[in-house]
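All remarks here apply to the structure that follows.
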Amino acid sequence: GNPKTDWCYNIEPDPGLNGRSIGYSRGKVLGGCSSINAMIYMRGQSVDYDYWESLGNSGWGWKDVLPIFKKSEDYQHGSDKFHGTGGELRVEERRVNWEILDAWRNAAQECGIPKIDEFNCGDNEGNSYFQMNQKNGVRWNATKAYLRPIKLRKNLTILSNTHVEKLKISSLHGKHKAEGVCTKINMQTKKEFRAHKEIILSAGSVGSPQILQLSGVLSKELAHRSGVKLIHDLPGVGENLHDHLQIRSVYKVENTVTLNQKINSFFGKIMMGAEYFLYKTGPLTMPPSQLGAFARSDSSQTTANIEWHVQPLSLDKFGDPLHKFNAITPAVCNLRPTSRGHVRIKSSNPYDYPKITLNYLSTHEDQQVAVDGLKFTRKIMNAKALKKFNPVEYLPGEKIKTYDEILHAARDLGTTIFHPVGTCKMGQDDMAVVDEKLKVKGIENLRVIDASIMPNITSGNTNAPTIMIAEKGADMILTH
């Protein structure tokens, strides 16, 4: 990652990844992760939000959040039952086509995953091309959508290069109140900002629990280990971390062109640049994944529980150069993992990175879905629609056959899709950090509004749900 725009975290070595530690990118720039993500617009499934509501989070069901998704949206194809126009968040179709991806769609349909028009109507089962947060082929992040249009307002001050060290929390007669934010500007000047009304914490699923813990809102045990003065014992802060783990198979292909070939050719690079400069189309407009599919890993699933991000490229790991040969990467992930990890500070120093522990593939359920997902991928790659491209399994390799071998390969190939959630979860149980109004339990004048409040991860990419959470949180603040 680029340390100018990315916090460049690393997770703790994970037994679920055969002891590997992997990079964990988080946006260190205005717009946060919307400024560095893959631009996919994906709401998830209606059952995700209905489940949140069933946990006692009134007002968070699908019927409640769909109008908010529509309100924030500026949809390329106009408004309808599921989409809105005139909102801040632009949503458009892809601007590049690949023969191999069209064939993969046909192969998925052969294997029982039907073609559908789009994924954002509450039930995403099927295969389609992803919709993007782009405007005319260019990234449309939260900064462009929400911040730049109002940056000259007198009641708004934007500070960059300003590190939040902790929150100032007062205690009187057993009651705690958030009163200020302690910062260091340009790593030189300490400044405390006092709050007249509320403080809104939106530092994400790593940053928000870290700041709470540094501020004395954490478990007694962690306070003792880290040397932080305990102000409020809230044991759920930093717990319940979960994420989508993608298992990245690679298949060599023939008789077609992939991004590997274009990027490894001087002429290919020139043509891609020219197409983008002249028309804002082609490979330079694309995120790594353009084609998606959602299906059930076995007949016991009531809705789609696995997702593919299909990429017309291949590489050994993120950040490495693309392979010299033509290949595709049909990466499959478990949409509803049961493995849970945590984010915990190591010390009271706000400049020490926290320990990020995922515990990937630590439950039998997640292990089974990983194996089933790789088997399903092989089934699709062996379909008639792909025969002309002579796909050959490069990773994990055709020799990997038994359950144990496939699971071991999944641990070797697994990596994050950068969807961490849940570390300040919303709910009514003892491990909940915020209530349904996103107010931190036991602390007055403090809310958390970001992906960390999700009790359970949504069934798909998490940027659009995070924008929805922000919109809903803003409504709560204004109506309060």
With the threshold set at 4.0 Å, does a side-chain nitrogen-carboxylate oxygen contact exist between [X] and [Y]?
X: K399; Y: E405; value: no
X: R344; Y: E239; value: yes
X: R194; Y: E192; value: yes

[X] side chain to [Y] backbone, donor-acceptor under 3.5 Å:
X: N260; Y: K324; answer: no
X: E393; Y: G397; answer: yes
X: S339; Y: S362; answer: yes
X: N445; Y: E179; answer: no
X: N133; Y: R90; answer: yes
X: S215; Y: L167; answer: yes
X: K135; Y: K144; answer: no
X: H244; Y: T458; answer: yes
X: N161; Y: N186; answer: no
X: W52; Y: N456; answer: yes

Heavy-atom check, side chain of [X] versus side chain of [Y], under 4.5 Å:
X: S249; Y: W308; answer: no
X: W60; Y: D64; answer: no
X: K184; Y: P350; answer: no
X: M42; Y: N124; answer: yes
X: Y251; Y: P330; answer: yes
X: R20; Y: D14; answer: no
X: V343; Y: S205; answer: no
X: R26; Y: P420; answer: yes

Nearest 0.5 Å, please: how far is [atom2] in [Y] from [atom1] in [X]?
X: Y403; Y: Q367; atom1: OH; atom2: CD; answer: 5.5 Å
X: L315; Y: T329; atom1: CG; atom2: OG1; answer: 6.5 Å
X: T466; Y: M454; atom1: OG1; atom2: CE; answer: 4.0 Å
X: I417; Y: T462; atom1: CD1; atom2: OG1; answer: 9.5 Å
X: E444; Y: L172; atom1: CD; atom2: CG; answer: 10.0 Å
X: L17; Y: I11; atom1: CG; atom2: CD1; answer: 5.5 Å

Please check if the number of heavy atoms outside [X] that lie under 6.0 Å from its [atom1] is greater than 12.
X: K63; atom1: NZ; result: yes
X: H163; atom1: NE2; result: yes
X: K441; atom1: NZ; result: yes
X: K168; atom1: NZ; result: no
X: K191; atom1: NZ; result: no
X: Y51; atom1: OH; result: no

Modelled atom types, side-chain donor and acceptor of [X] and [Y], under 3.5 Å:
X: N359; Y: H242; result: no
X: Q428; Y: E436; result: yes
X: Q45; Y: T303; result: yes
X: S25; Y: D6; result: yes
X: S452; Y: S208; result: no
X: N463; Y: S34; result: no
X: N305; Y: R296; result: no
X: D366; Y: Y360; result: no
X: R43; Y: Y41; result: yes
X: E118; Y: H83; result: yes

Closest approach of [X] to [Y] (non-hydrogen atoms, all atoms of both residues):
X: L218; Y: S226; answer: CD1-OG, 4.2 Å
X: T143; Y: S35; answer: OG1-OG, 4.3 Å
X: L335; Y: G460; answer: CD2-N, 3.6 Å
X: L30; Y: N141; answer: O-ND2, 4.3 Å
X: D74; Y: G87; answer: CB-O, 3.3 Å
X: F119; Y: A293; answer: CZ-N, 4.1 Å

Give the C-alpha distance, both sets of side-chain angles, the deciding distance and a yes or no for side chain to side chain contact (heavy atoms under 4.5 Å, CB included) between N240 and M431.
CA-CA 9 Å; N240 190 46; M431 295 300 287; over 6 Å; no
Students often mix this up, so state it plainly: with edges at 30° and 60°, are the rings of [X] and [Y] parallel, tilted or perpendicular?
X: Y24; Y: F418; result: tilted
X: Y353; Y: W7; result: perpendicular
X: W62; Y: F69; result: tilted

With K472, the side-chain contact (heavy atoms from CB on, under 4.5 Å) member among L438, I68, I449, I467
I68
What verdict does the side chain to side chain contact (heavy atoms under 4.5 Å, CB included) test give for V433 and L234, after you've listed the backbone C-alpha separation in whole Å, the side-chain angles of each residue and the deciding distance to 0.1 Å?
CA-CA 7 Å; V433 175; L234 200 57; 3.8 Å; yes
Could you walk me through whether F82 and E73 pass the side chain to side chain contact (heavy atoms under 4.5 Å, CB included) check?
CA-CA 10 Å; F82 294 103; E73 188 179 23; over 6 Å; no
Could you walk me through whether R336 and S459 pass the side chain to side chain donor-acceptor pair (under 3.5 Å) check?
CA-CA 7 Å; R336 292 188 283 275; S459 301; 2.9 Å; yes
Do N120 and Q131 pass the side chain to side chain contact (heavy atoms under 4.5 Å, CB included) test, and can you show the C-alpha distance, the side-chain angles, and the key distance before you say yes or no?
CA-CA 9 Å; N120 290 305; Q131 294 171 329; 3.1 Å; yes
Applying side chain to side chain donor-acceptor pair (under 3.5 Å), run through D298 and S300 and close with a yes or a no.
CA-CA 6 Å; D298 65 77; S300 71; 2.3 Å; yes
